[in-house]
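Single-structure report; data block below.
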Amino acid sequence: MSKIILTGDRPTGRLHIGHYVGSLRRRVELQNSGEFDKIFIMIADAQALTDNFDNPEKVRQNIVEVALDYLSAGIDPARSHILIQSQIPELTELTFYYMNLVTVSRLQRNPTVKSEIQMRDFEASIPVGFFCYPISQAADITAFHATTVPVGEDQEPMLEQAREIVRKFNSIYGETLTEPEILLPETKAAMRLPGTDGKAKMSKSLGNCIYLSDTEADVKKKVMSMFTDPDHLRVQDPGKVEGNPVFIYLEAFAKDEHFAEYAPDYQNLAEMEEHYKRGGLGDVKVKKFLNNVLQETLSPIRAKRAEYEKDIPGVYEILREGTQIAEEEAAKTLSEVKAAMKINYFDDKALIEEQMKKYSGR
Ligand code: ATP
Ligand code: MG
C-alpha cells in the first residue's frame, strides 16, 4: 500500500513555533526521509471561513503567509504538494456525502470542537458550517487516501471521527476509503506547546505566540517577558519546571549541542532542570539560553523566508501547481466514492442495460 501524508493549517495567521514543533518540523523530516509516496499539505481556507466567514480578507491575506512559512521551514514543492482547500470542489462534495454518516450527538461529543465553541462564544448559536468541520476534515484526509496525518494532539478527535466515517462508509458501500493513522509529535511538550503567557495552548486566536517570521528582536523580547514559575521570586528560591513554559519550550527545542554551545555548565536539559529545582538558577539566565536556542532554530527559516518574499508570484505558482495535482487526486477518489454510492449514472453501462431490460418486455 502506498504511504501518503495529508496535513494542513488554517490560514488565520502566520505560523508559530507551536505549529512548528507540533507538525511542521515533523512534516519536513518525513518529506526528507523519502519514505512517502505522496505528500499533500493543505491550506485550509474553507475551514478557516467556518469561524471567520465575516472576515474573508483575513483568510485571503494569510494564504501567502502560511505558504511562505511552509517554504521557509523546508517544505519542498518538488516533493510535497501545497494545495488550497477551497479550490478543490471535490472536497466539498465528499463532505456532503459523509454528512449522512455522522450524527449531531456524535459531533457534539468532540472535545476539541467543544472547547473551540466555548472559546469563540458560539455556545448560544453555532454556525452549522463550523459544527461540521470535523466532517470536512475527514473529506480532506480521505480524498487523498492519506495513510498518515502528522498533527498536534488537539487533532486526535478529528482523526477518530475520520476513521469512524471511513469504517462506516466501507461497511455500507464496500471497501473504498483508506483508514488514516495519526502521527503525534515525539515529546509531550511538542504535542501542545503552551503560550508565552503560560496558557495551555499557543494559538493564533489567543495572541500568545512566537511566530516563525518574528524578527530576532521580537523573539528576544517575547522570550524575556515570558511567564515562568510565579513562586520563583529570588534566584536562590527553588523553582518548578512542570507547567513552566520556558522549560516546556526547552524540552521541545533544546538539543545537547545547544548546551555545549550556549550553556556549557550543563550537559543536557535534565541537569539544568535539576539546578532550577534546587534553587540558584535565575529565570533571566534560563530565558537567555532559550533565546539562543530559538534564534539558532529560527534564523535559517527567517533567511529562507526573505528569499521567497522576493518572488511572491512564484509562491502563487507553487500553490496553483500543488492545487492542480491535488485536485486530480481528489477527483479520482470522488469518482470511486460515487461509484460505491451508486450515483455514477452516466458512467455505468450496466445500469442502462438493466433499465433497458426492465422495459424491453413491455
Ligand atoms: P486557530 O486558533 O485559528 O485554530 P491554531 O493556532 O490552533 O489556529 P491550526 O491551524 O488550527 O492552528 O493548527 C494547525 C496544526 O498545528 C494542527 O496540526 C495543530 O495540532 C498544530 N498546533 C496548533 N497549535 C499547536 C500548539 N500550540 N502546539 C502543538 N501543535 C499545535
Ligand atoms: Mg486550531
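Both ligands and their constituent atoms are indexed starting at 1 by order of listing. No hydrogens, no waters, no symmetry mates; every other heavy atom, side chains included, goes into these values.
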Of all the atoms in ligand 1, which lie at a distance below 4.0 Å from a heavy atom belonging to [X]?
X: V151; value: 18 (O)
X: A190; value: 29 (C)
X: K201; value: 5 (P), 6 (O), 7 (O), 23 (C), 24 (N), 27 (N)
X: G22; value: 29 (C), 30 (N)
X: H16; value: 6 (O), 24 (N)
X: G152; value: 18 (O), 19 (C), 20 (O)

Do L193 and Y249 touch side chain to side chain, with heavy atoms closer than 4.5 Å? yes
Is any side-chain heavy atom of V337 closer than 4.5 Å to one of T142? no
Does some non-hydrogen atom of G195 fall short of 4.0 Å from ligand 1? no
Short N/O distance, under 3.5 Å, between [X] and ligand 1?
X: R10; result: yes
X: R27; result: no
X: M202; result: yes
X: S23; result: no
X: G8; result: no
X: S203; result: yes

If you compare D154, L193, D9, V149 by their heavy atoms, the one closest to atom 19 (C) of ligand 1 turns out to be D154
Would you mind telling me if ligand 1 is within reach of the side chain of [X], the backbone, both or neither, using heavy atoms under 4.0 Å?
X: K204; answer: both
X: P194; answer: neither
X: E116; answer: neither

Show every side-chain hydrogen bond (donor to acceptor under 3.5 Å, both in side chains) that has at least one partner inside residues 340-349, sequence neighbours left out. none
Please identify each residue that fulfils side chain to side chain donor-acceptor pair (under 3.5 Å) with E317, with sequence neighbours left out. R320
Is the ring pair Y173/F169 parallel, tilted or perpendicular, if the boundaries are 30 and 60 degrees? tilted
Could you tell me how the ring of Y266 sits relative to the ring of H275: parallel (under 30°), tilted (30 to 60°) or perpendicular (over 60°)? tilted
If only side-chain N and O atoms count, and only distance matters, is there a donor-acceptor pair under 3.5 Å linking Y211 with D218? no
Would you mind telling me which of Q295, E257, E296 makes a side chain to side chain donor-acceptor pair (under 3.5 Å) with Y262? E296
Is the positively charged end of R25 above the ring of F253, judged by distance under 6.0 angstrom from the centroid and angle within 45° of the axis? yes
Is K277 salt-bridged to E274, going by a charged N under 4.0 Å from an acidic O? yes
Do R167 and E160 meet the salt-bridge criterion of a basic N to acidic O distance under 4.0 Å? yes
